[in-house]
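So you know, we letter chains A, B, ... as the sequences are listed, proteins then strands, and number each from 1.
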Amino acid sequence: MTTYFNYPPPELQEELKRIANAIVAPGKGILAADESTATIGKRFADISTENTEDNRRKYRQLLFTTDDAVSNNISGVILFHETLYQKADDGTPFVELLKKKNIIPGIKVDKGVVPLFGSEGEGTTQGLDDLDKRCAQYKKDGCDFAKWRCVLKIGKNTPSYQAILENANVLARYASICQANGLVPIVEPEVLPDGDHDLDRAQKVTETVLAAVYKALNDHHVYLEGTLLKPNMVTAGQSCATKFSPEDVAKATVTALQRTVPAAVPGVTFLSGGQTEEEATVHLNAINAFPGKKPWALTFSFGRALQASVLRAWKGKDETVKAGQDELLKRAKANGLASVGKYQAGSIQSVAAKKSNFIQAHSY
Amino acid sequence: MTTYFNYPPPELQEELKRIANAIVAPGKGILAADESTATIGKRFADISTENTEDNRRKYRQLLFTTDDAVSNNISGVILFHETLYQKADDGTPFVELLKKKNIIPGIKVDKGVVPLFGSEGEGTTQGLDDLDKRCAQYKKDGCDFAKWRCVLKIGKNTPSYQAILENANVLARYASICQANGLVPIVEPEVLPDGDHDLDRAQKVTETVLAAVYKALNDHHVYLEGTLLKPNMVTAGQSCATKFSPEDVAKATVTALQRTVPAAVPGVTFLSGGQTEEEATVHLNAINAFPGKKPWALTFSFGRALQASVLRAWKGKDETVKAGQDELLKRAKANGEAYFGKYVAGSCVGAAAETELFVANHSY
């Protein structure tokens, strides 16, 4: 822990802070549309749609040509590399479509999970090679933030010291490189919901992981005011016998964050994991309604919990594009309300709102 | 970083939280009256008073028989071991005097700084041996909080990794043992003001030290809601050529805390270091006036900055006890106003207000 280091230059600090704050502006959150080719293939398979480049393009076009009202609740979109360079039917680059809607483009920059040799089925995330060059290019091509997902699993002996330390460190390296290139890093240390552990265990693991993440960010001199955190909500394992209320989840989640996330961090953009659309919204709402110190915005960065109904309504057909877009508008609005604690459970009916999105040991 | 551990039992959590919150109640702070025998001897020497046990008793009696109004601004007092067992002239134990005034007794439990062999003049703090037994006894004898001071020095190559890690760890062990015995631990990682470094260096060192402290507290499963932090304000070195305004100090201090101190911590009780009474109050005021996220109380735990005028007015004589007590009331009130950012610089003039209180390489 050297005490000799440089803060970023003032102009860079301002820029990173501005972008981060814009992403977590009141009532707004992120649409995570960065599914890899393989992953979006699984979503398409569920709606009997072929996984072609054009279908992928058409699907993201559906999302990005949704009525401008969507930007009341969507501040940013995370893109997959391929999507960043795709265009609408009329030739407009997607990046331009988004910017016209005042939606900030972001980019997934990690290269997936690889095993940690010797561990009990644990992994780390790769993607640091040439990351500096890649970030510079992404910034040039219109992105203002990035995302990198690390994964930890709760088991009898996991997550281990090795996994916690390694994932925290790689997240800090990624964050540092992003900031050097003017990209706000979204730091995602996902503790998977897989397992039968209870809420208490989930909270303890989440606290331990987040404490390690913030120590690593400090070690690498990451400018916290120009970052965002994308954690799991603290929930019991998917196969836990006991069920916990949204208020239980809110208390566990907010307490874990109070104990680990410095106030300098502008916002927390929760992942939805395997939750249904409605569960994710109700939980986010309960989190915002929970009394107590919450010196960061608490909002969403949802993938499946914003798109399940969209896909189900669209079914891959041109004639149902509008139906799909309407589902996006509805779910974005619901989550916008939840991010200010004003969502009424069940008040927004979506095509797939209650359908579980749980996929075991999920990789994107 | 095992993820298997126990939170304290709910009743213990409630008790620790209650005490910690009471100490940092609005408008209130701590009188640090825990000078060791040798240290109080230096204070007495300055006012030509002999360092006898009875004089030490008389001096603390002066403090603890001050008009009840003092408890509008003093929530707790840190005592030295000897003082805890002393009595007033009429036989009332000091602990009782304090409790009658609704002032919480605390106890200094560390046993001073010892050198770290191989380091460049750095040290750690000892006192862990039998600390569990000692804390149990102090709790029985009326204390509800404890204090332990670690010291780090800014130099060309210091604080070193060794010193930062070791002091953070010993603070965490001390905190853990306190909580096991129902005492709220005040965690004091003092970065000394000695040196000619500027404000920027002081901020970087303070951030690095505090990040290490909170990582260690997490590693040792310390219940943050039942702790307090006693840090230095972030100021340039005593012999730095550049002078910085109270607003500069406030910005550096609040920023450092925002980047490192979790919101779960109820309050920060600043040490005054070598600052004059007025400097310390003006800085505390600026800190509270500084705009931005401050999810913890920001108050005082002052020794010299509350007692300099008291001693100067008292001069060790029975006939000037009241004069000394009036000085304490004045200074306590001034700092109570600073808690709310409402102190007007210069509005409280004490008998020793501008006297330089800096002592090089200060040990207590």
Atom group of A:Glu225 that falls short of 4.5 Å from chain B, counting heavy atoms: side chain

Heavy-atom closest contact (A:Tyr4 atom, B:Asn157 atom, distance): OH-N, 4.4 Å

A:Lys215 side, atom NZ; B:Thr260 side, atom OG1 - distance, nearest 0.5 Å: 12.0 Å

Positions in residues 18-28 of chain A that reach chain B, provided some heavy atom is under 4.5 Å away: none

Under 4.5 Å from any heavy atom of chain B - which part of A:Val209: neither

Interatomic distance, A:Thr3 atom OG1 to B:Ile154 atom CD1 [nearest 0.5 angstrom]: 7.5 Å

Nearest heavy-atom neighbours spanning A:Phe5 and B:Lys204: O-NZ, 2.8 Å

Proximal to chain A - members of residues 283-298 of chain B, heavy-atom separation under 4.5 Å: B:Lys293, B:Pro295, B:Trp296

Rounded distance (nearest 0.5 Å) linking atom CG of A:Leu210 with atom CG of B:Asn218: 9.0 Å

A:Arg259 charged N/C atom sitting above B:Tyr214 aromatic ring, 6.0 Å / 45°: no

Point-to-point distance, once rounded to the nearest 0.5 Å, from OG1 of B:Thr255 to CG of A:Leu224: 11.5 Å

A:Lys243 NZ: over 12 foreign heavy atoms closer than 6.0 Å: yes

